[in-house]
Protein chains: 2
Amino acid sequence: MLTEKLNWRYATKKMDPAKAVPQDKVDRILKAVQLAPTSSGLQPFEVIVVTNPEVKAKLRAVAFDQAQITDGSHVLVFAAWDNYTAERIDAVVAQTAAERGASETLTGYYERLKATYLPRPPEVNFEHAARQAYIAFGMALTAAAFEGVDSTPMEGFDPAQVDDILDLRARGLRSVTLLPLGYRATEGDWLLGAKKVRRPLDAMVSEVA
Amino acid sequence: MLTEKLNWRYATKKMDPAKAVPQDKVDRILKAVQLAPTSSGLQPFEVIVVTNPEVKAKLRAVAFDQAQITDGSHVLVFAAWDNYTAERIDAVVAQTAAERGASETLTGYYERLKATYLPRPPEVNFEHAARQAYIAFGMALTAAAFEGVDSTPMEGFDPAQVDDILDLRARGLRSVTLLPLGYRATEGDWLLGAKKVRRPLDAMVSEVA
């Protein structure tokens, strides 16, 4: 079932600009993002959903002119926290305490986490946060496949310029990936119908039995 | 459907050591890893499946004594390439050419990629490879949920020691995450049945419409 969906999906190169993804499908894709597990439950990222045509055009211009950004109806921008801060971690503790009850175990765990994370260089913390965003990114494109929605996982863009366009740095965020959502066009996609190329499992997987 | 599976899963804290995950389920989880999309299709990681009890005990000892590593029947170790090399990239080109046909477009694309990647510091390339491994990691734990298999996404371990135990550096690999697989124990798991805590969607998601 999952395998079938993952074989159906591909990095769509040409989307049909006439077809928009319905909101309920976008909502379920975002639900998968929300449910993605993250290190210590910090969820250190946000998603910006861009549907505005002018803004999509600006994003396309700093993303090697990839047409899916404007042909797709929605662009999900995954943006990781630029750093861990006491305020951000304390907010996670407060929410967890409110929903599960406060405890010294809970507080102690996150106090130790702050003692580890806060002295680190922002770049180290950002890289860690970015990895968490990639978990959610993988789950979002999986969710899209379940909705019969095409998507194109993209790293090919200038993050600093995307951050400028969306004013992300002022919010303590840095863009890490884009995920245009839409529907594959029947013509004009060189990758549509191409054989999916993957390393053989015995080259990717080894056993220590 | 996917949402239901993602709500079912949780970072299992206590697994039943008497229950082993059947091989066909492990195989389908690994299939999701293989089908995960990666930047330029490089799939820059491997997975080591550890079932050997002595080796699992060694891993547990360098992973804060987390019992799931020995109570679960399988531990998936996600290990990213320590660097991009001409040889590794050329192998991807060769396989793609063999399966889809050779072309100057194909060769040119990867020559430009090598010109970008190969001069970069190994640490930059490793971080990039690690992010790709996280996509597959997220999809593996999603696949486990579809199989009714419990898993525990783990970053809490000493990567250098895991690399030593599995002799990964000699293979040009560095461990990034662990994913024990097994079945939740009915007793002894403080997290079992606890409310899943997630930031509200309106705090994680914003729109540019």
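Bear in mind the structure is a predicted one, so any value in this text is a computation, not a measurement. Numbers restart at 1 for each chain; the letters A, B, ... are given by sequence-line order, proteins then strands.
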Query raised in the report: Which bit of L42(A) comes within less than 4.5 Å of chain B, counting heavy atoms only: side chain, backbone, both or neither?
Result: backbone

Query raised in the report: Any side-chain heavy atom of M139(A) within less than 4.5 Å of one from L141(B)?
Result: yes

**Report entry** Contact class of L166(B) relative to chain A, heavy atoms under 4.5 angstrom
**Finding:** side chain

Report task. Counting only heavy atoms closer than 4.5 Å, note whether H74(A) contacts chain B via side chain, backbone, both or neither. Result -> neither

Query raised in the report: Is the NZ atom of K56(A) crowded by more than 12 outside heavy atoms at less than 6.0 Å?
Result: yes

Requested in this report: Determine whether more than 12 heavy atoms belonging to other residues, nucleotides or ligands lie under 6.0 Å from atom CD of Q23(B).
Outcome: yes

Query - Per-residue contact mode, Y10(B) against chain A (heavy atom under 4.5 angstrom) - result: neither

Requested in this report: Could you tell me whether K13(A) atom NZ has more than 12 heavy atoms of other residues or ligands within 6.0 Å of it?
Outcome: yes

Requested in this report: Looking only at non-hydrogen atoms, find the nearest pair between E155(A) and S39(B) and report the distance.
Outcome: OE1-OG, 2.7 Å

Report summary line: Distance col, row L35(B):CG vs K196(A):NZ, nearest 0.5 angstrom, shows 6.5 Å

Query - Structural part of A203(B) lying under 4.5 Å from a heavy atom of chain A - result: backbone

Requested in this report: With a 4.5 Å cut-off on heavy-atom pairs, point out which of V55(A), L2(A), L201(A), V75(A) contacts chain B the most.
Outcome: L201(A)

Report summary line: Most contact-rich option vs chain B, by heavy-atom pairs under 4.5 angstrom, among K31(A), Q95(A), H128(A), is Q95(A)

Query raised in the report: So how far is it from R131(B) CZ to I135(A) CD1, rounded to the nearest 0.5 Å?
Result: 12.5 Å

Report task. Let me know if R100(A) has heavy atoms under 4.5 Å from chain B in its side chain, its backbone, both or neither. Result -> side chain

**Report entry** chain B contact via P200(A) - side chain, backbone, both or neither, heavy atoms under 4.5 Å
**Finding:** both

Query raised in the report: By a 4.5 Å heavy-atom criterion (distance strictly below it), what part of P37(B) contacts chain A: side chain, backbone, both, or neither?
Result: both

Query raised in the report: How many angstroms lie between CZ in R28(B) and CG in L6(A), if you round to the nearest 0.5 Å?
Result: 13.0 Å

Query raised in the report: Just how far is it from atom CG of D202(A) to atom CG of L30(B), taken to the nearest 0.5 Å?
Result: 12.0 Å

Requested in this report: Among the options T51(A), T142(A), D27(A), V197(A), pick out the one with the most heavy-atom pairs lying under 4.5 Å from chain B.
Outcome: V197(A)

Query - Which atoms of A209(B) approach chain A - backbone, side chain, both or neither, heavy atom under 4.5 Å - result: both

Requested in this report: Using a 4.5 Å cut-off on heavy atoms from C-beta on, say whether the side chain of R199(A) contacts that of E46(B).
Outcome: yes

Query - For chain A, the option from T3(B), T38(B), V33(B), N52(B) that forms the most heavy-atom pairs under 4.5 Å - result: N52(B)

Query - Among the listed options E207(B), K5(B), Q43(B), the residue most often paired with chain A at heavy-atom distances under 4.5 Å - result: Q43(B)

Query - Interface moiety of A36(A) toward chain B, non-hydrogen atoms closer than 4.5 Å - result: backbone

Query raised in the report: What distance do Q132(B) atom CD and Y134(A) atom OH have between them, rounded to the nearest 0.5 Å?
Result: 5.5 Å

Query raised in the report: In Å, rounded to the nearest 0.5 Å, how long is the span from CE of M1(B) to CD of E147(A)?
Result: 12.0 Å

Query raised in the report: In terms of heavy-atom proximity below 4.5 Å to chain B, should V50(A) be classed as side chain, backbone, both, or neither?
Result: both

